[in-house]
Structures are given as structure tokens and as C-alpha cells.
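What follows is a short report on a single structure.
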Amino acid sequence: LAKTTQPISMDSYEGQEVNITCSHNNIATNDYITWYQQFPSQGPRFIIQGYKTKVTNEVASLFIPADRKSSTLSLPRVSLSDTAVYYCLVGPLTGTASKLTFGTGTRLQVTL
Amino acid sequence: ETGVTQTPRHLVMGMTNKKSLKCEQHLGHNAMYWYKQSAKKPLELMFVYSLEERVENNSVPSRFSPECPNSSHLFLHLHTLQPEDSALYLCASSQDLGSNEQFFGPGTRLTVL
């Protein structure tokens, strides 16, 4: 299983860009990188997924270097409502469910 | 709204009670999951169903009993629980088994007294 390492917590002011980095040194060739967001007392919500280089959607961008041993979730101009826990997951697109493991995530606190 | 609903949202039960958690997905997905999330701990995968068949059971105590009567519904039957079973129980679904794009319900906050 590809283990991931993320910072436990981060703080940001509203309007700033936030970059959360995840390390996954043992990523396998067929693994993808997926990020989820979880608000208190809610289920996690899929944000973005990628395999290499850069992926962008209406919520975030995902930067993956050529060696794929890390990835960075970028949230542009965060607001108070972006306060949540962000999880980085690594695993194949489909297959054995237990290969997809959620770590402790990064708790992002956005303030005015 | 993710297309996955869970009831009840909150549940308080004694250790001798029997209760059930219900999950329904309106997405036409083939796989459904039960997760447990305790305070300050990562999500723990409990059970996995694919096309109504249980395909994974991650060493969950027998006091938790899942049931999947059809591909849209998933239940978690609870009996003789312990206080340490108090947690947020999350249901999720995905188009294919083991997909890393899963859709989660809002969860059931369970308190065992």
C-alpha cells in the first residue's frame, strides 16, 4: 500500500492561496492521486484526482511532479468555508477497496 | 447533496439495544461501503459490497452486521455495542468496486451509552 504523509494542520487567511503537499514515496505505476475534503460531521467529498503533471477544476488544482513521489493540492483564494480536513489518497482507479486508505488528513483553518 | 442518504443522522443507544443504520444511493453505482470514523482517527473501512455481494470485511466485530438487499440500499445492523463503538458511521458508493472516486453520505453520529 502506498503510504501518504501530509502536514497535520495549516492556517491561512481568507483570500490567500493554500498549498497542501502530500508525500507518497512508494506510489505504484498504476496508482492515481485523489484528494477529498471533509467538513465537520459530514462525509468526505471528492475534490480532484490526477496521475501526473497538472489537473485543474473549478475547485482546485493538483500538481504532480515527474517522479510522482509527492503531490500538491492548491486552493486559490480560500474563504472561511474552505475550513475543513483535506485527505490525500493514493491507489488504483478501481480494484480492492482496502487499498484505498484515508490517513489523518490536513486540518486547514481559514480566518479573517 | 451527494446522491447518498443516510438515516438516522443521530442515534443514541444502550449497550443492550438493537438498531439499524440505513444508507441509500440514487446514483446507480455498483459498489457500496461502510466506514467508521472515530474522533481524531482516520476513516476505517468496515465492509464493502459489490453488486449486493459482500466482498470485503475488514476484521469487524460480529456485533456489526451488514446487509445489502439490492444495489441501492445498504444497512448496518447493530446489537450489543460497546461505548467505544461511538463514532460517525459513513456510507459511500462508487461506480465500480474500489474506485477512488467515492460518494459519501452525511453519516450517522452514533453514541453508545
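Letters A, B, ... are given to chains in the order of the sequence lines, protein chains preceding strands, and every chain is numbered from 1.
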Hey, are the side chains of B:Y35 and B:C91 touching, using non-hydrogen atoms and a 4.5 Å cut-off?
no
Between chain A and each of B:A92, B:P106, B:S50, count heavy-atom pairs under 4.5 Å; write down the option with the most.
B:P106
Atom group of B:L43 that falls short of 4.5 Å from chain A, counting heavy atoms:
both
Can you tell which of B:Y49, B:F104, B:F103 makes a ring-ring contact (aromatic ring centres under 6.0 Å, His included) with B:H29?
B:F103
Please flag which part of A:F39 lies under 4.5 Å from any non-hydrogen atom of chain B: side chain, backbone, both or neither.
neither
Check: A:H24/A:T4 side-chain N/O donor and acceptor closer than 3.5 Å
no
Does any backbone or side-chain atom of B:Q37 lie under 4.5 Å from a heavy atom of chain A? Answer side chain, backbone, both or neither.
side chain
A:T21 versus A:S70, side-chain donor and acceptor atoms under 3.5 Å
no
